[in-house]
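Residues take their numbers from the sequence shown, with the count starting at 1. The figures here come from the full heavy-atom set of this structure, side chains too, leaving out hydrogens, waters and symmetry mates.
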Amino acid sequence: MLSSYREYYLSYRGLDGPELNYLNLGYNRLTGSKPVFKNCSSLLEIDLSQNMLSGHIPEGFGNCSSLEYVYLAGNNFTGSVPYTLCGFSNLYSFDLKQNCPDLTSHKKRTVFLVLCIVLPITICVPSLILAIVCFGRPTRTEKKNKINDNNGDLCSVWNFDGIIAYEDIIRATNNFDIRYCIGTGGYGTVYEARLPSGKTVALKKLHRLEAEEPAFDRSFKNEVHILSSIRHKNIVKLYGFCLHSRCMFLVFEYMEKGSLFCALREDAHAMELDWSKRVDIVKGIAHALSYMHHDCTPPIVHRDISSNNILLSYNMEAFVADFGVSRLLDPDSSNQTMVAGTYGYIAPELAYTMVINEKCDVYSFGVLALELMRESELELALLDSF
């Protein structure tokens, strides 16, 4: 209601609001030094852009552990970004465009650059200058290799370039050569790719003939949709995907030990699966299903929980994978659908009702748990016989 006011001074104020979620003071004429933030653990977004605030970036942002968006563009902030912000896992955007640099350090750099340029020109002979210009610059190949090193890591948000990342994947698999194949999923073939950054990823590729099959195409896009919207420590991570008529693949976190199905049937891996590890695997799967059924809105039903779709990391930790036939439960629908899954793990009532719900996954989970325990009991019986 203070329509006659033209300037608002909030500098040196301790903004205190345990229930504060959004603070937008952008595009005003706020002046002075940085504000102080206290007890703002619920603050999700703050906008101080296009003002005249000065000084260092507020270290009090470290008290706002839930921050997702910070907009400070168009001010006079100087100095470095507070290190406390580096550990914020939910921080999606931090905008510092159009802020002034440190004038003192800028002047020093300017003087230094002038000395570095003028003195060599004055002292060195033209031939030496020509040699520096001709041979001192990096070649195109060196530049390209440097770009590849910077952008080969799919997890690098700051340097990511989709075209370069795609080229790295094609080179790493020799255009999806069969030598890099490590298995097959419910649809598509899985490849191992070691990127220039040193990171190894798994690629599930939908081949041309498979892509022309509507069911496979729907499964591919369904897996992208599901895995892009969820995140859990016992669900395989989706790093990215390529959706093109000539080339379709998913980029996953690489699991060194492969599937639980193979681990139970290979002697070397089965020996690693002692009783405690099997119990941990059951717990991990249970936590993932609980997250999908109770913490996601709407709930997600996997529909194909089996030993083939449980992947193991290097330390035998379990990850739920292959969401091609997963479904989002619609509260306003009967959720009737065709039967899907792996024989032996499918709930019997599906053959009659064709109605999916969380109980379908629970039944499959029970079969899988019995499979794990039965294998362990068999090993104990064999040891006792000796």
Side-chain angles (χ1 to χ4, degrees), residues 1-120 143 146-147 149-162 164 197 231:
M1 302 296 293
L2 303 177
S3 58
S4 62
Y5 277 72
R6 291 294 178 269
E7 296 188 12
Y8 303 85
Y9 294 89
L10 294 179
S11 58
Y12 296 102
R13 302 291 187 228
L15 297 181
D16 188 344
E19 301 300 327
L20 183 64
N21 295 131
Y22 301 94
L23 178 62
N24 189 337
L25 299 174
Y27 289 86
N28 285 289
R29 298 181 61 189
L30 302 182
T31 63
S33 185
K34 55 184 180 294
V36 178
F37 295 85
K38 300 177 182 177
N39 301 325
C40 293
S41 59
S42 299
L43 190 62
L44 301 176
E45 178 179 322
I46 180 168
D47 188 346
L48 298 175
S49 58
Q50 304 304 324
N51 282 288
M52 293 180 285
L53 297 173
S54 59
H56 294 287
I57 299 171
E59 294 184 1
F61 284 150
N63 300 322
C64 310
S65 56
S66 299
L67 273 177
E68 297 180 355
Y69 301 93
V70 178
Y71 302 103
L72 303 177
N75 283 285
N76 296 313
F77 286 120
T78 59
S80 58
V81 176
Y83 74 94
T84 52
L85 289 171
C86 298
F88 285 7
S89 59
N90 296 326
L91 189 60
Y92 296 119
S93 178
F94 192 86
D95 191 351
L96 280 172
K97 296 190 297 292
Q98 300 174 352
N99 274 279
C100 296
D102 187 330
L103 296 178
T104 303
S105 60
H106 177 72
K107 291 178 179 179
K108 290 180 180 179
R109 286 195 298 270
T110 302
V111 173
F112 178 76
L113 288 174
V114 170
L115 290 176
C116 289
I117 295 173
V118 174
L119 288 179
K143 288 181 179 179
K146 184 176 180 181
I147 293 174
D149 291 340
N150 290 338
N151 294 276
D153 189 353
L154 294 170
C155 297
S156 176
V157 176
W158 306 114
N159 299 355
F160 179 76
D161 186 303
I164 296 176
S197 63
R231 182 169 57 185

Please examine the side chains of E68 and E45, heavy atoms only from C-beta on, and report whether any two atoms are closer than 4.5 Å. no
So, taking the atom named SG in C64 and the one named CG in L44, what distance separates them when rounded to the nearest 0.5 Å? 10.0 Å
Ignoring hydrogens and geometry, is there a side-chain-to-backbone donor-acceptor pair from N51 to N28 under 3.5 Å? yes
Taking L53 as the fixed residue, which of T31, L25, L72, N75 is the one that meets the side-chain contact (heavy atoms from CB on, under 4.5 Å) rule? N75
Donor-acceptor contact below 3.5 Å, side chain D95 vs main chain A73: no
Heavy-atom closest contact (N24 atom, G26 atom, distance): OD1-N, 3.0 Å
Please report the closest heavy-atom contact between N99 and F77, naming both atoms and the distance. OD1-N, 3.0 Å
Please round to the nearest 0.5 Å and tell me the distance separating atom OG of S42 and atom CG of L67. 10.5 Å
For the pair H56 (side chain) and T78 (backbone), establish whether a donor and an acceptor sit closer than 3.5 Å, ignoring hydrogens and angles. yes
Could you report the tightest heavy-atom contact between Q98 and Q50, atom names first, then the distance? OE1-NE2, 3.5 Å
